[in-house]
2 protein chains.
Amino acid sequence: MVQKLSPIREQTRTVVRSLLARTAFELFSAKGYDATTVDEVAAAAGVSRRTLFNYFRTKEDLALSGLSEQGEMIAARFAQRPAREDAWTSLRAAFHVLEEIESSPDRRLEVVTLLFGNESLRAGHAEKQARWQDLLSPLVEQRLKASDHRAFEARAITATAITCLQVAFHEWVQLRGRVDVFDLYDRALRAVRPSA
Amino acid sequence: MVQKLSPIREQTRTVVRSLLARTAFELFSAKGYDATTVDEVAAAAGVSRRTLFNYFRTKEDLALSGLSEQGEMIAARFAQRPAREDAWTSLRAAFHVLEEIESSPDRRLEVVTLLFGNESLRAGHAEKQARWQDLLSPLVEQRLKASDHRAFEARAITATAITCLQVAFHEWVQLRGRVDVFDLYDRALRAVRPSA
DNA sequence: CAATCAGTTGCACGGAGTGCAGAAATGTGC
DNA sequence: GCACATTTCTGCACTCCGTGCAACTGATTG
């Protein structure tokens with residue numbers, strides 16, 4: 001039963017949600033993810049522990065909720081691309097929304113470093129990005145030539161693109177953001193698909 | 001301080017370990033992962049809860065420890081391949097050890113279904129397989145032509161191969177094992193690298 | 001003002017995981 | 001066979017995550 005919320009309720013809800021996510025990030029970033037308890041986050045945000053769990057299913061979600069939204073934004077951007085554009089090209093273009101989300105590059109590096117750096121978060125991080133497949137591969141499927149118009153092939157392509165993006169970000173963190181992450185992405189893809 | 005164990009100790013240790021993993025799998029498979037408590041596994045194996053945690057770091061490890069070993073076996077097999085063989089070919093051949101591990105195909109399907117089917121396990125599952133990258137990519141790196149002999153490219157290739165394997169297994173579970181998983185793997189790779 | 005309704009809170013609970021200290025088992029020298 | 005050292009097992013108490021429930025708060029509406 002998903003209740004239709006009044007606009008005002010809905011609005012405050014997203015405000016509180018992002019407040020919580022931001023306070024959480026500050027603490028995680030400062031003290032480390034594992035050393036930060038949910039109670040601390042709740043207290044810092046001036047809300048009860050129980051309420052926090054009303055906004056986020058788990059502590060992990062507190063750190064990773066952003067990834068789900070990013071997935072949706074990427075899918076939305078993909079949908080806007082010209083219908084006859086090559087799937088790989090559209091994917092690359094769609095990934096570019098990531099550059100527009102986090103205000104400064106420094107901030108972006110900080111976020112990604114947290115996600116990659118922490119043992120407990122890595123798994124969830126990888127999985128959330130893997131869920132991008134579910135959003136993107138139906139869209140990719142429509143771009144395939146009729147000759148290989150199959151859901152399975154679309155998923156393989158989508159998964160590979162996402163993986164190359166992950167590899168690129170991984171290296172980007174390693175290099176402390178000193179190179180353009182999309183240059184890395186292109187290098188990764190060229191290594192995998194020399195023809196392209 | 002990693003203590004050098006006497007051979008006899010070491011041996012009983014691995015025996016107990018695999019006993020625990022097997023009892024755990026039976027219970028997970030029968031009752032579901034989430035509905036099974038660590039205490040139940042310990043009791044069923046005739047060992048105290050505390051001792052179980054001496055053998056496995058987490059409940060998740062109880063279900064996923066096999067994946068780490070598989071990674072090592074794949075790496076070992078890769079190392080045996082002829083030094084001049086193409087990296088993609090060696091990877092495919094190395095993945096084939098997976099066919100040799102689980103006795104029967106039915107059993108294999110059962111295992112993989114558990115890993116893919118459970119929400120709580122999917123993340124860890126994906127991550128453990130992603131760790132295969134760390135084992136394999138140094139080996140892949142040596143196979144690259146000097147012209148693109150770079151660790152980064154090796155990682156991209158390794159990650160892509162593993163991802164295609166995951167996609168193949170995912171579809172394989174969907175189809176309840178009715179097709180050969182390596183046929184799926186080949187289809188996935190062809191979709192990604194039409195040239196090959 | 002009273003009734004309602006959503007969101008917040010505290011409380012009690014179960015399960016995962018850990019540190020510690022004592023019991024039990026195992027191995028060694030005599 | 002016996003005393004001793006060492007490793008392993010175990011129980012206990014504790015923290016933290018996550019959830020169900022019921023009471024509370026504060027707006028909205030009639």
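If you take CG of A:Leu20 and C1' of C:dT9, they are 15 Å apart, rounded to a whole angstrom. We find that CD of B:Glu60 is positioned 17 Å from P of D:dC17, with the value rounded to whole Å. Atoms CD (B:Gln11) and P (C:dT26) sit 15 Å apart, rounded to a whole Å. As rounded to whole Å, 10 Å separates atom P of C:dG17 from atom CG of B:Leu52. Separating the CD atom of A:Glu40 from the P atom of D:dC16 is a distance of 8 Å, rounded to the nearest angstrom. Separating the CG atom of A:Asp39 from the P atom of C:dT9 is a distance of 13 Å, rounded to the nearest angstrom. Remark: P of D:dC17 and CG of A:Asp61 are 14 Å apart, rounded to the nearest angstrom. At whole-Å resolution of the value, CD in B:Glu10 and P in D:dT7 are 15 Å apart.
When only modelled atom types and interatomic distance are considered, A:Gln129 and A:His125 share a side-chain donor-acceptor pair under 3.5 Å.
Counting non-hydrogen atoms under 4.0 angstrom, A:Thr12 reaches nothing in the nucleic acid. If you check every strand for non-hydrogen atoms under 4.0 Å, B:Phe56 touches nothing. Counting any heavy atom pair closer than 4.0 Å across all strands shown, B:Thr37 reaches sugar-phosphate atoms only and no base atom. Residue contacts for B:Arg57: at a heavy-atom cut-off of 4.0 Å it reaches the sugar-phosphate backbone alone, with no base atom in range.
Close to C:dG7, at under 4.0 Å from its OP1 or OP2, lies no side-chain N or O of A:Asn54. For the OP1/OP2 pair of C:dT8 and a distance below 4.0 Å, the side-chain nitrogens and oxygens of A:Tyr55 include at least one atom meeting the criterion.
One N or O on the side chain of A:Arg193 and one on the backbone of B:Val192 form a donor-acceptor pair closer than 3.5 Å.
Residue side chain B:Arg50 reaches the base of C:dG19 through a donor-acceptor N/O pair under 3.5 Å, judged by distance alone.
A:Glu119 CD: 12 or fewer foreign heavy atoms inside a 6.0 Å radius.
Minimum atom distance to the side chain of B:Arg49 is reached by C:dA16, of the listed D:dG11, C:dA16, D:dC17. Distance from the side chain of B:Lys59 is smallest for C:dG17 among the nucleotides C:dG17, C:dG10, C:dG19. Nearest to the side-chain atoms of A:Ser48 among the listed nucleotides C:dG17, C:dG10, D:dC9 stands C:dG10.
For B:Leu109 against B:Gly177, the heavy-atom pair with the smallest separation is CD1-N, 4.0 Å.
Between B:Arg190 and A:Glu153 there is no salt bridge, since none of the side-chain N atoms of the basic residue sits less than 4.0 Å from a carboxylate O of the acidic one.
Both B:Gly46 and A:Thr36 lie close to DNA chain D; mapped to their nearest nucleotides by heavy-atom distance, the more 5′-ward contact belongs to B:Gly46.
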